[in-house]
Amino acid sequence: METLFIEFFQNTGFALCDYRNIIMIFIGIIFIYLGIAKHYEPLLLVPIGFGMLMGNIPVFQGLGLGIYEDNSVLHYLYFGVTQGIYPPLIFLGIGAMTDFSTLLARPVLMLLGAAAQTGIFITFLGALALGFAPNEAASIGIIGGADGPTAIFLTAKLAPKLIGPIAVAAYSYMALVPVIQPPIMKLLTTRKERLIKMEELRKVSKKEKIIFPIISFLLCCFLAPAALPLLGMLCFGNLLKEAVVTERLAIAARTSIIDSVTILLGMTVGASTQGNVFLTTESIRIFILGALSFGIATACGLLFAKIMNLFLKEKINPLLGAAGVSAVPDSARVVQVVGQQEDPTNFLLMHAMAPNISGVIGSAVAAGVLWSFMS
Amino acid sequence: METLFIEFFQNTGFALCDYRNIIMIFIGIIFIYLGIAKHYEPLLLVPIGFGMLMGNIPVFQGLGLGIYEDNSVLHYLYFGVTQGIYPPLIFLGIGAMTDFSTLLARPVLMLLGAAAQTGIFITFLGALALGFAPNEAASIGIIGGADGPTAIFLTAKLAPKLIGPIAVAAYSYMALVPVIQPPIMKLLTTRKERLIKMEELRKVSKKEKIIFPIISFLLCCFLAPAALPLLGMLCFGNLLKEAVVTERLAIAARTSIIDSVTILLGMTVGASTQGNVFLTTESIRIFILGALSFGIATACGLLFAKIMNLFLKEKINPLLGAAGVSAVPDSARVVQVVGQQEDPTNFLLMHAMAPNISGVIGSAVAAGVLWSFMS
Amino acid sequence: METLFIEFFQNTGFALCDYRNIIMIFIGIIFIYLGIAKHYEPLLLVPIGFGMLMGNIPVFQGLGLGIYEDNSVLHYLYFGVTQGIYPPLIFLGIGAMTDFSTLLARPVLMLLGAAAQTGIFITFLGALALGFAPNEAASIGIIGGADGPTAIFLTAKLAPKLIGPIAVAAYSYMALVPVIQPPIMKLLTTRKERLIKMEELRKVSKKEKIIFPIISFLLCCFLAPAALPLLGMLCFGNLLKEAVVTERLAIAARTSIIDSVTILLGMTVGASTQGNVFLTTESIRIFILGALSFGIATACGLLFAKIMNLFLKEKINPLLGAAGVSAVPDSARVVQVVGQQEDPTNFLLMHAMAPNISGVIGSAVAAGVLWSFMS
Amino acid sequence: MYGLQAILENNGWAISAVGITIVFTGLVLLSIFISQLHKFLDLWENKKEIKKIFKKEKTKSIKRISVLFTETHKDTAQKIYLIVQTMEKSFSLSKLLWLAKTRGLERPHSNLNNLLKAGIIMPDNKGYYIWNMDMFKKIIRT
Amino acid sequence: MYGLQAILENNGWAISAVGITIVFTGLVLLSIFISQLHKFLDLWENKKEIKKIFKKEKTKSIKRISVLFTETHKDTAQKIYLIVQTMEKSFSLSKLLWLAKTRGLERPHSNLNNLLKAGIIMPDNKGYYIWNMDMFKKIIRT
Amino acid sequence: MYGLQAILENNGWAISAVGITIVFTGLVLLSIFISQLHKFLDLWENKKEIKKIFKKEKTKSIKRISVLFTETHKDTAQKIYLIVQTMEKSFSLSKLLWLAKTRGLERPHSNLNNLLKAGIIMPDNKGYYIWNMDMFKKIIRT
Ligand code: NA
Ligand code: NA
Ligand code: NA
């Protein structure tokens, strides 16, 4: 019986524990804390954080417990991540809950959503320069797209080994948008620019809203066919929403489907960060590049807005450019907050939704382009 | 960089595009239009229509984008169609939302649901005569069952290659029930017959409703065991509904489960209609036979009702026979409408639900029989 | 045509039928009856009962109808059982609907939940003595854990062939808790003991509730890593609930996810009881041992409570010990009922929830321990 | 192969004939069964009903009348009702007891007990209790 | 390999340039399309509207006035409205007919028929009917 | 193999003993931890509370009083409140501003600004704003 006790003890987490597991568990708890106490993207940080705990319980190999073991429950649930199935399903739900009205009312603001994607490609170049292979560099660059599902999808297709660090980096920075963006926004704009008010948006008709997902899907996917899974589902979800007659399907998409998938995606992405796999110098470089990518994307959006103002009769508030990174809807809210710091009667939120959402489309297209070039 | 541009352009949809893709995209838009603007089965036509767009974006092979490529997202979601998993899940939901009261109150009307299935077998013979192989002929015949999930299920088991055209034909004709059926109904019935009023239905007790799904499942599946997956789930769903104590499971079945599966089934069935696979003379023949099948099924139901009237003391309105094709609940509504064109105070809807629902059971049994004979 | 008729008839359930199928169908109907008419765990007994009907329709082999055939729909749905995927998902939902307040308010009552698990190990010894292999004996012992998902999970990992009988035994006895437990409770306690009143529970703060799932997960899984899939999901679900900011995920977990999985798990477990596989002397022995296991677990809980009273200043009502078996929340209700038979003003329900829920944690740990020893 | 030959070769006539026969057999049997079902159930119900009238009704009424409510009891019951009105529809007995104590009702235990026995407070089978207004009116407010 | 060399070697500049160009092309095209869309839709709508004014409006109004309501009819309509108020928003015509019969209304069939023709009772396209209050006020309560 | 021999052979006693020990260890540790948890949390809370009393409360009250409301201001605030009542609970500031302009309020920008600074209009953190009734009563309706 003694031998059994000893044998058992040797298989407990206390005996098997690696310092890296402890670090990751600690990070997981921080994620949970930020989600719950600070309300930073709780729907993502809490599942990822708890997933980190689950993935870093030290387990003996062979029983089928770890996420990287073939027959474990976590492995089955992780399948949707590695095969890129979850991200399109999440996009389906996002489509079914997003109102594209502001974008339809002021289409010129879409360009800001395009400009911010420059960050993706600049980071891609940086990652190449740091010695990453092209497929890895592309996956790192997409962090600047500020769109979790897109980042996971592209990484699953191009560099599956990096899913853990890239997903965690992407979601961390998305959660930290209220911390990262304001200084850059204030640095690159003058007070006078930040005070610019936007004119009221026109009312958009139902027909425009129905036609939009169809056209934008066809146009973008003819241009970049590899954006099909993400953009297709985004537009499909939006069509289900706007068609009204398919309301019950839209409800399913934006409740049970997206919520179930968010739980599974968050948890398994978190669990994929096993200490020994995750805590590498590579991950650290990814985190640094990711932060840069985010910053550059924000800067590109802001600067492009200023360039646009050189040509536009009716000036736009360059703060809106920062919303082009996506990170829906946090970066749009940051624009609102920063704008109101100068003038509390300036309401930029609705206008910021336009670059914000077009940033989602933009990064999906960028992901499609990178995917098709890399494989 | 020029070469890259050219290379990229050669991989865009504009360069890869085939005229058949354009035709299919056009058809997809028509489907969406019919669903949204005309309210023809929008829960099916909109997903199928958008699926057609997704399936006909011209993509380069090898990247894993097309539904017929092994590792594509669409392929994984299509798995539920090819393995016949989605249709039983949809039947679970239908069972959980269907009230069998009228059928229990007037069981004799079930015979009309049986009669309409004759269309399946006549079309089967016609397809054989046109040179289709028996398994294909059976799959084509089932279009006359006017039941999408049943048609998809049987085709998945017998002739997986035809899933696209058969599913699209089945759903198209189901959507077009209000167009196809009325002329046949008016042709085969006299005004006097159409004026027949049905007596009030008796009230059905809770116990009858609970016992019904159990008995009808056991009886039909002992007779035709291959109807098990479809009928089993239909009756299971209905039991969950009628048992009341399992209400929360019934709710899941008739909301999140059926809606999620409807989205995935509709979209992937639509996406399976890639122009080069779909636009064949075979598909055209399937469409013609499908229309015939539908018409014959309607006629069989009507004529059998007239035959029944020769024997019944209390005559039934032969229009009810047209509801025997299934296409729940559209064909029952058509009966109501055509009946009211003669006499606005004649209310046939509730009575038409009986043959309508028994038509679902009938085609599931027919599918079981055909499946067991063909394999 | 005659030959075809005969051939067909030879393939109907009437011709293929085995007396064991009839027995199982009869048992299935009893399950449904107990669920609907007697309200014994209807959410489990109705799906399992109907699943028994589905699994015992006599089918010809080779077509892909039976649950044990590779390509059947039932087989695909059964995959979640055999791979142990459904039980953790159910635990996710249970976590998201359970309030651990009482347990936090009176942690000493957790020991009763530990004590009742002794039944598992005593039955394990009994099963060994009766000649079962260790892996089978462990699966049989877990019936005493009175926790369906845990029993199915462990059996799927250790002795997949026994899933049917063990799951049915576990759920049967859980449903029969109001019949099995009261006599044992009355036998092992004095009237004076049953009259003991418990003091009011203190109010538990939100922070405690949020920290609890994290700590209990880490602590138990460091101790018994193999409890990871079950405990991880239970605590994850509970965290989603208590975090409030993740309410929409908790709703998904405790509605669409748990309900969908319950439908599929119940039905396929029921369908796995094909007469020829299920009706063996082995199954009968499992049922007898299962009943014993349940009884012993109840007795252990009761007796341990009496032992605790020897040391505690403030005595606890030993009836609470019976709730330690889990069978949430039925056995807690039984405690309430038996307590009120002596004194209608004695309210034990809330107090009984503490051992009840800790019994769930206890059996998950026990399952983890057994799993790691057996493989 | 085309036409009638194809049908013959593939056993088409037989399959169709057998097929439609089976569909009809199934639905005819089912319709016959259903048409008899409610008659059978009616018989069964009546049997039970008759039994009930003779047996259960009696015991039930006896059981309930066995709790005697003095005027003091009724008065307390009214007070408890006022408390219950401040609570949710499904209330916890222990909370009610505590509230009753707090408000200084006399012998709350015994009074609640009486209400339970009389069926005025009834378990909702979910661990909570509900107030049976009908019974309350019948017994107390007479 | 590091630095600029790595970028060059992996065709980095070209990929980035092409990539960002495509993203811009897509969104620019889309934004141009959208900005024109509502103008196009307005035109289309107006075309229809104009047609409607000349065609449908006329036929519609004619169609409705074609049902003449005598005072007796109006009286019955009022009574039917009272019945409808006791029913759910979407009601079954057969049930309404039955209720009307039960309450002894004269010629319920013909009266219901008139209400249907006048558009006071309208199908809800789900097999049930709703009461068009506006039409009722316009025609009956004048 | 049966009986005690089977148990011995399969290491049954040891497995059971170890097993039940671990279950107990787990739950005992957990129960000890829980029983200490709320004490620990209380300490932590109190620490914060004490700090708060000395620091934040002051700054907060100062910050709020810094907005001075003249009678004219208060009057406008009352009018704005009437507008807010016609809107949803969470309202858009830009819409409120527009409504205020439409109804001819004087200097709506500056007035709204004051209400924001005074915390009478508060962001709901979802991009919309809510009306803080308590603050409104405290500052305006005094
Ligand atoms: Na983006
Ligand atoms: Na049919
Ligand atoms: Na237990």
Side-chain angles (χ1 to χ4, degrees), chain B residues 100 103-135 137-138 141 202-205 207-208 211-212 215-216 219-224 227 231 300 354 358-359 361-366 368-370 373-374, chain D residues 1-57 88-90 122-130 132:
Chain B
F100 284 93
L103 199 148
L104 284 159
R106 262 327 258 296
V108 76
L109 295 178
M110 288 182 77
L111 299 187
L112 300 174
Q117 311 317 316
T118 317
I120 294 173
F121 295 98
I122 294 175
T123 314
F124 164 66
L125 294 177
L128 280 181
L130 280 176
F132 280 99
N135 60 334
R202 74 171 176 86
K203 184 131 182 65
V204 171
S205 76
K207 280 194 188 157
E208 285 178 89
I211 291 170
F212 176 73
I215 290 301
S216 56
L219 205 150
C220 293
C221 284
F222 261 80
L223 203 62
L231 268 192
C300 290
S358 64
I361 300 175
S363 6
V365 171
V369 172
L370 287 169
F373 278 146
M374 295 304 144
Chain D
M1 217 164 23
Y2 292 93
L4 291 183
Q5 199 198 345
I7 296 179
L8 271 172
E9 196 80 13
N10 289 304
N11 216 2
W13 300 116
I15 288 175
S16 299
V18 176
I20 197 64
T21 310
I22 290 161
V23 172
F24 262 99
T25 311
L27 291 181
V28 167
L29 284 179
L30 193 52
S31 102
I32 292 172
F33 183 88
I34 293 171
S35 62
Q36 302 310 313
L37 180 61
H38 73 276
K39 294 175 196 165
F40 177 74
L41 281 174
D42 282 354
L43 268 177
W44 184 261
E45 288 295 298
N46 285 332
K47 204 181 86 192
K48 270 191 183 168
E49 284 296 309
I50 293 160
K51 274 189 189 169
K52 251 189 219 160
I53 293 165
F54 284 90
K55 284 187 191 168
K56 291 211 174 168
E57 264 316 283
E88 306 220 331
K89 212 193 139 201
S90 289
M122 283 166 61
D124 71 345
N125 295 323
K126 285 171 199 146
Y128 288 93
Y129 289 81
I130 50 170
N132 184 341

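Order of the sequence lines sets the chain letters (A, B, ...), proteins ahead of strands, with each chain counted from 1. From a predicted model like this one, the values you see are computed outputs, not experimental measurements. FYI, side chains are in, hydrogens and waters are out, and symmetry mates aren't considered; it's all heavy atoms of this structure.
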Quiz prompt | Separation of Leu30(D) CG from Leu103(B) CG (nearest 0.5 Å) | solution = 7.5 Å
Quiz prompt | Reported CD1-to-CG distance for the pair Ile215(B) and Leu37(D), which is rounded to 0.5 angstrom | solution = 7.5 Å
Quiz item: Taking the side chain as C-beta and beyond, is there a heavy-atom pair between Leu370(B) and Ile15(D) under 4.5 Å?
Solution: yes
Quiz item: Who pairs with Thr123(B) by side-chain hydrogen bond (donor to acceptor under 3.5 Å, both in side chains), at least two apart in sequence or on another chain?
Solution: Ser293(B)
Exercise. Measure distances from Ile211(B) to the heavy atoms of chain D and classify the residue's part below 4.5 Å as side chain, backbone, both or neither.
Key: side chain
Quiz prompt | Ile22(D) CD1 to Phe373(B) CZ distance, which is reported to the nearest 0.5 Å | solution = 5.0 Å
Quiz item: Which bit of Arg202(B) comes within less than 4.5 Å of chain D, counting heavy atoms only: side chain, backbone, both or neither?
Solution: side chain
Quiz item: Of the listed residues (Ala6(D), Gly12(D), Gly3(D)), which shares the most heavy-atom pairs with chain B below a 4.5 Å separation?
Solution: Gly3(D)
Quiz item: Can you tell me how far the CE atom of Met110(B) sits from the CD1 atom of Ile32(D), to the nearest 0.5 Å?
Solution: 11.0 Å
Quiz item: Going from CD on Gln117(B) to CG on Leu27(D), what distance comes out if it is rounded to the nearest 0.5 angstrom?
Solution: 8.0 Å
Quiz prompt | Under 4.5 Å from any heavy atom of chain D - which part of Ser205(B) | solution = side chain
Exercise. Answer with side chain, backbone, both or neither: which region of Ala133(B) has an atom nearer than 4.5 Å to a non-hydrogen atom of chain D?
Key: neither
Self-check item: Heavy-atom pair count under 4.5 Å with chain D, highest-scoring of Leu223(B), Ile361(B), Leu109(B)
Solution: Leu223(B)
Self-check item: Contacting region of Leu104(B) [heavy-atom separation from chain D under 4.5 Å]
Solution: both
Quiz item: So how far is it from Leu125(B) CG to Ile7(D) CD1, rounded to the nearest 0.5 Å?
Solution: 5.0 Å
